[in-house]
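Residue numbers run from 1 in the order of the sequence given. This is a predicted model, so every value here is computed, not measured.
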Amino acid sequence: NSTSDARISYSYSDKCFTFDGYSWEEMASLPNTDLTRFSSKFSVQVVNEGWWIYQDNGVFDNHINSYLFDKDQTWKEGPSFPDYGYHTTPGAFCGTQVNASHTIVTGGIINNDGSSISDVWFYNWEDKSWQAGPNMTIPRRLHDCIGISNNRVMVTGGVGLNEEALVSVEIFDPALRPGGGWYQVQDLPEDDYFYDTTLLFNSEIIWINVRHIWKFVDNVWLKLDNELSYYPWSPTTILVPDNFVPSK
């Protein structure tokens, strides 16, 4: 018998493109090709600011960069990461927009010991400052998060403190006591596959897990009849408005 040394070759591109409903056009390239390699679930559209992304190699070399694609169609340095007070900068966090003025960053991992954290931070775009928020009920990393109605935030799944796969779901509500608070709701209906999930909101909460599509209604996850036609790995998905494609 003989064995062969099979190697996988990767290449990374700094190219970015926009789609206007008819065709793709190249836009300004990423400022760093490492952005295509390892990243947190952090790709946020900020009203009146632009598109904010983090490069997160924190699990590997504690190296995190922040970039903003601004209204002038230019990449520039984004807000720096907050000082958590740990011996290292967390990685594998999740971020989403809460409202026009605030972005939330939830959870993550401390790479030296592999521990998931429950920390929460808010970035205020009006005064360009970070403020610590109330911790989630469960430490988690590699989870999904999304802003929902009434300035609330939902987080789902991920990896827990002891490397366990999480199916728990919790919601941050700013109306709970001063400073807001977290509460748990119905667990995910099936195992969370970390890199193969995405959480969406556009008047309804949608969770996509591998090919399955679920809708959260009255604290119950309802499975839709439609499924994805292929198996996406590490998807980054957004909802497209009905009027996105212009009429011909």
Side-chain angles (χ1 to χ4, degrees), residues 10 12-14 30-46 51-69 75-98 102-124 129-147 153-170 172 182 192-199 232-237:
Y10 295 96
Y12 304 103
S13 173
D14 61 356
L30 289 171
N32 189 333
T33 55
D34 278 347
L35 284 166
T36 63
R37 297 178 60 205
F38 312 110
S39 63
S40 287
K41 293 188 176 181
F42 197 102
S43 177
V44 181
Q45 290 287 342
V46 183
W51 177 29
W52 187 21
I53 60 176
Y54 266 119
Q55 170 204 359
D56 168 23
N57 294 344
V59 176
F60 299 91
D61 59 12
N62 194 35
H63 183 64
I64 293 179
N65 289 321
S66 169
Y67 295 100
L68 182 72
F69 189 69
W75 287 104
K76 66 181 184 181
E77 292 290 329
S80 60
F81 209 74
D83 181 10
Y84 278 65
Y86 294 117
H87 57 276
T88 184
T89 304
F93 46 83
C94 187
T96 190
Q97 200 65 9
V98 180
H102 287 78
T103 305
I104 189 173
V105 177
T106 59
I109 182 175
I110 304 301
N111 64 356
N112 283 12
D113 55 21
S115 297
S116 294
I117 60 175
S118 59
D119 298 53
V120 172
W121 285 83
F122 291 92
Y123 186 75
N124 186 335
S129 67
W130 287 99
Q131 180 180 1
N135 285 10
M136 295 181 293
T137 63
I138 296 177
R140 64 182 79 222
R141 65 183 187 271
L142 297 175
H143 52 292
D144 288 306
C145 61
I146 195 72
V153 175
M154 172 181 278
V155 299
T156 59
V159 179
L161 186 62
N162 300 308
E163 304 296 324
E164 73 276 21
L166 299 175
V167 294
S168 62
V169 180
E170 52 187 308
F172 170 79
W182 293 86
D192 178 77
Y193 290 98
F194 311 151
Y195 290 108
D196 302 320
T197 64
T198 188
L199 189 64
W233 188 85
S234 190
T236 299
T237 309

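- Side-chain rings of F93 and F81 approach one another, their centers coming within less than 6.0 Å.
- Classification of R140 and E164 as a salt-bridged pair fails, no side-chain N sitting under 4.0 Å from a carboxylate O.
- Note: Y84 and W121 have tilted aromatic rings, judged against thresholds of 30 and 60 degrees for the angle between ring planes.
- Here the shortest heavy-atom pairing between M136 and I117 reads CE-O, 4.1 Å.
- Between V98 and F172 the shortest side-chain heavy-atom distance does not fall below 4.5 Å.
- Under the side chain to side chain donor-acceptor pair (under 3.5 Å) criterion, D144 pairs with K41, T197, not counting sequence neighbours.
- Distance check: Q45 CD to F69 CZ gives 10.0 Å after rounding to the nearest 0.5 Å.
- The two residues H143 and T156 come nearest to each other via the heavy atoms CB-O, 3.3 Å.
- Contact detail for V159 and S116: the closest heavy-atom pair is O-OG, 3.0 Å.
- Distance check, rounded to the nearest 0.5 Å: CG of D192 to CG of L199 gives 10.0 Å.
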Exercise for the section: Just do the side chain to side chain contact (heavy atoms under 4.5 Å, CB included) check on S115 and L161 with the steps written out, would you? Expected result: CA-CA 6 Å; S115 297; L161 186 62; 4.2 Å; yes
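- Interatomic distance, I146 CD1 to I104 CD1, rounded to the nearest 0.5 Å: 11.5 Å.
- Atom CE of M154 and atom OG1 of T106 lie 13.0 Å apart (nearest 0.5 Å).
- Closest approach of W51 and S43 over heavy atoms only: NE1-OG, 2.8 Å.
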Exercise for the section: Using the side chain to side chain contact (heavy atoms under 4.5 Å, CB included) rule, take E77 and Y67 through it: C-alpha gap first, then chi angles, then the decisive distance, then the call. Expected result: CA-CA 5 Å; E77 292 290 329; Y67 295 100; 3.7 Å; yes
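- Residues G147 and T96 share a closest heavy-atom pair of N-OG1, 3.3 Å.
- The shortest side-chain heavy-atom distance between V120 and W182 falls under the 4.5 Å cut-off.
- Looking at every heavy atom in both residues, C94 comes nearest to F42 through C-CD1, 4.5 Å.
- If you run side chain to side chain contact (heavy atoms under 4.5 Å, CB included) between I53 and each of L68, V44, N65, L30, only L30 comes through.
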